[in-house]
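Below you'll find the structure, written out as structure tokens, and then a few comments.
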Number of protein chains: 2
Amino acid sequence: MTQEAVGRDTSRGASDAERVTSRLRQAIVAGEFAPKQRLVETDLIEMFDASRGAVRAALATLAVEGLVERVRNRGARVRAVDLDEALEIVEVRAALESLCAARAAERVDEGGVARLRAIGEVMRAAVDAGDGEAYAQANRDLHQEVMDISGAKVAPDVVKRLRAQNVRYRIRLAMQPHRPTTSLPEHLEIVEAVCAKDPERAAEAMRAHLNSVYEATRDYFAKKG
Amino acid sequence: MTQEAVGRDTSRGASDAERVTSRLRQAIVAGEFAPKQRLVETDLIEMFDASRGAVRAALATLAVEGLVERVRNRGARVRAVDLDEALEIVEVRAALESLCAARAAERVDEGGVARLRAIGEVMRAAVDAGDGEAYAQANRDLHQEVMDISGAKVAPDVVKRLRAQNVRYRIRLAMQPHRPTTSLPEHLEIVEAVCAKDPERAAEAMRAHLNSVYEATRDYFAKKG
DNA sequence: GTGAACAACATTGTTTACAATAATGCACAC
DNA sequence: GTGTGCATTATTGTAAACAATGTTGTTCAC
């Protein structure tokens, strides 16, 4: 274990490799590295104060997760997701999250209803206040809460990985000022449908919402890239 | 590069790590390792005649893919998928493969129609001949062909990974002698629906088929494990 | 001035040795 | 006889040196 690195990190018992993996993943998802940007092992060693083994393990992990692209003897770089793939990801999310929404409507209890309604209120307030950051956070919370309530493991795992890949499009889409005007009612309908314990309606609400995300993404990025 | 290992492998330009990953994955999916069986690095080094680095990289990759389970300082073992998770996987497959079936119905061309119909004939013949192995292979071919025709990348990738995790249940389910009696018509309906270029019907056929797989899996493994 | 061969550099892939950790078995006290 | 503590062993985690590969810049011939 490197002595200097001790206590540098939030997660306690994590090994060096796990620590680097987690922080590099976070950095990529947060957009701190541009797509196609090279990830030179030496730089990462310095940046995270870790050994090469740890850095290489992290790159291998993130390559399987689809965040990093590796070419033999030519190194690693941040994978660039093109528009077509981003749209496919939204389609897959629609299929899986609508499934989870239906399950959530079947299983939701009082606590879940309270948490969902609370998120809905936060969203309303964020839109009123024009606070895009708060709205974006509540958006993540809502999708996560629905999947938590569903009790499923497989679908949420897949969705989580896919969402990470799509971060570039999500960030820039959320920039649009009037986007909440469309998405707020959709989100509230998801909340209401799940709280009403109506699986069909919940699945349809989720599908409709992600269909709207699909169209917004497609139109906004149509020519740019 | 180890000298003795040269030419031992099918894939030409693969590095040691890639070679070990691919062969270990294949071994696990083929059922050559029992679930929960320990994968000691030293043993794998000898088994595949590779360095520890290569073996460790392979274990890391397969851990992310969900085939291997790693515990810090306690090594790796083959991950055991329980029945609940196996059923979730079938549900997710239903959602994604029905999506792909619809896309396939929209995009299929003459060549695709020919290949699908050919697979259908192979299935019929296999059932007539009571050749379970041939039927299982045609089953894989059909699902793969539909996803190929769909032109999608994301959903098929996810499905492929999930199918690998479920191999234990698939293998044992296929053992049932009268299983093709149920599944053959379902498969043929998928073929016909896609060839008829009817997306709705294709999605519904795929959904119905995987629902049948779901029930068969649930009932067959209900008490056993 | 342009192209090709070559040499120097940067970067990754591989191997070996070393350190740390958890599991195991044994001895000893009670 | 049972349980606790310690020593041993098996196994993984980490680090550093070495080899191979790809890239870039330079020189020389034409």
Side-chain angles (χ1 to χ4, degrees), chain A residues 1-25 28 33-34 36-64 67-79, chain B residues 1-9 11-25 28 33-34 36-65 67-79:
Chain A
M1 169 92 66
T2 47
Q3 296 86 344
E4 318 95 50
V6 168
R8 173 85 58 89
D9 166 34
T10 52
S11 47
R12 259 292 144 184
S15 73
D16 262 28
E18 290 164 346
R19 183 175 57 89
V20 175
T21 303
S22 147
R23 293 177 65 180
L24 181 54
R25 181 193 294 115
I28 293 175
F33 294 94
K36 288 286 178 189
Q37 179 174 340
R38 287 194 62 191
L39 299 172
V40 177
E41 295 181 1
T42 312
D43 299 347
L44 299 177
I45 288 168
E46 216 177 306
M47 189 173 305
F48 296 117
D49 193 18
S51 73
R52 262 193 79 198
V55 168
R56 285 177 66 78
L59 290 173
T61 295
L62 297 178
V64 180
L67 292 176
V68 160
E69 206 173 28
R70 292 183 99 182
V71 183
R72 250 180 79 83
N73 292 320
R74 294 183 57 181
R77 52 182 63 213
V78 178
R79 193 166 80 88
Chain B
M1 168 92 69
T2 49
Q3 298 84 346
E4 318 95 47
V6 169
R8 174 84 59 89
D9 167 33
S11 47
R12 260 291 144 186
S15 73
D16 259 29
E18 290 163 347
R19 183 176 59 88
V20 175
T21 303
S22 147
R23 292 178 65 179
L24 181 55
R25 182 194 293 116
I28 292 174
F33 293 95
K36 288 287 179 189
Q37 178 172 340
R38 289 194 61 192
L39 299 170
V40 178
E41 295 182 359
T42 312
D43 298 348
L44 298 177
I45 288 168
E46 213 176 307
M47 189 174 305
F48 296 118
D49 194 16
S51 73
R52 261 194 80 199
V55 168
R56 285 176 66 78
L59 290 173
T61 296
L62 297 179
V64 180
E65 289 183 8
L67 292 176
V68 160
E69 206 174 28
R70 291 183 99 181
V71 183
R72 247 182 82 79
N73 292 319
R74 294 182 56 183
R77 55 183 59 213
V78 178
R79 193 165 81 88

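Remember, predicted model here, so these are calculated numbers, not experimental data. Chain identifiers are assigned alphabetically (A, B, ...) following the order of the sequence lines, protein sequences preceding nucleic acid strands; residue numbering begins at 1 within each chain.
- The CG-P distance, from B/L59 to D/dT14, rounds to 15 Å in whole Å.
- Evaluation of the salt bridge (Lys or Arg N to Asp or Glu O under 4.0 Å) rule for A/E46 yields no partner, not counting sequence neighbours.
- For the side chain to side chain contact (heavy atoms under 4.5 Å, CB included) with A/L24, the qualifying choice from A/V78, A/L44, A/T61 is A/L44, the only one to do so.
- Residues satisfying the side-chain hydrogen bond (donor to acceptor under 3.5 Å, both in side chains) test with B/Q37, not counting sequence neighbours, are none.
- Taking A/R77 as the reference, nothing meets the salt bridge (Lys or Arg N to Asp or Glu O under 4.0 Å) condition, with sequence neighbours excluded.
- Taking the side-chain hydrogen bond (donor to acceptor under 3.5 Å, both in side chains) definition, one finds that B/E69 meets it with nothing, sequence neighbours left out.
- Taking atom CD1 on A/I45 and atom C1' on D/dA17, their separation rounds to 13 Å, with Å as the unit.
- Rounded to a whole Å, the CG atom of A/D43 is 7 Å from the P atom of C/dT11.
- A search for side-chain hydrogen bond (donor to acceptor under 3.5 Å, both in side chains) contacts involving B/R70 returns nothing, not counting sequence neighbours.
- By the salt bridge (Lys or Arg N to Asp or Glu O under 4.0 Å) test, A/R74 is found to be paired with no residue, residues two or more places apart in sequence or in another chain being considered.
- In this entry the distance linking CD of A/E46 with C1' of C/dT11 reads 15 Å, nearest Å.
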Heteroatom pairs (N/O) under 3.5 angstrom, protein to nucleotides 5-10 of chain C:
none

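- With sequence neighbours excluded, the residues that form a side-chain contact (heavy atoms from CB on, under 4.5 Å) with B/A17 are B/S15, B/A54, B/A57.
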Polar atom pairs (N or O), protein with nucleotides 8-12 of chain D, under 3.5 Å:
from	atom 1	to	atom 2	distance (Å)
D/dT12	OP1	B/E41	N	3.4
D/dT12	OP2	B/E41	N	3.1

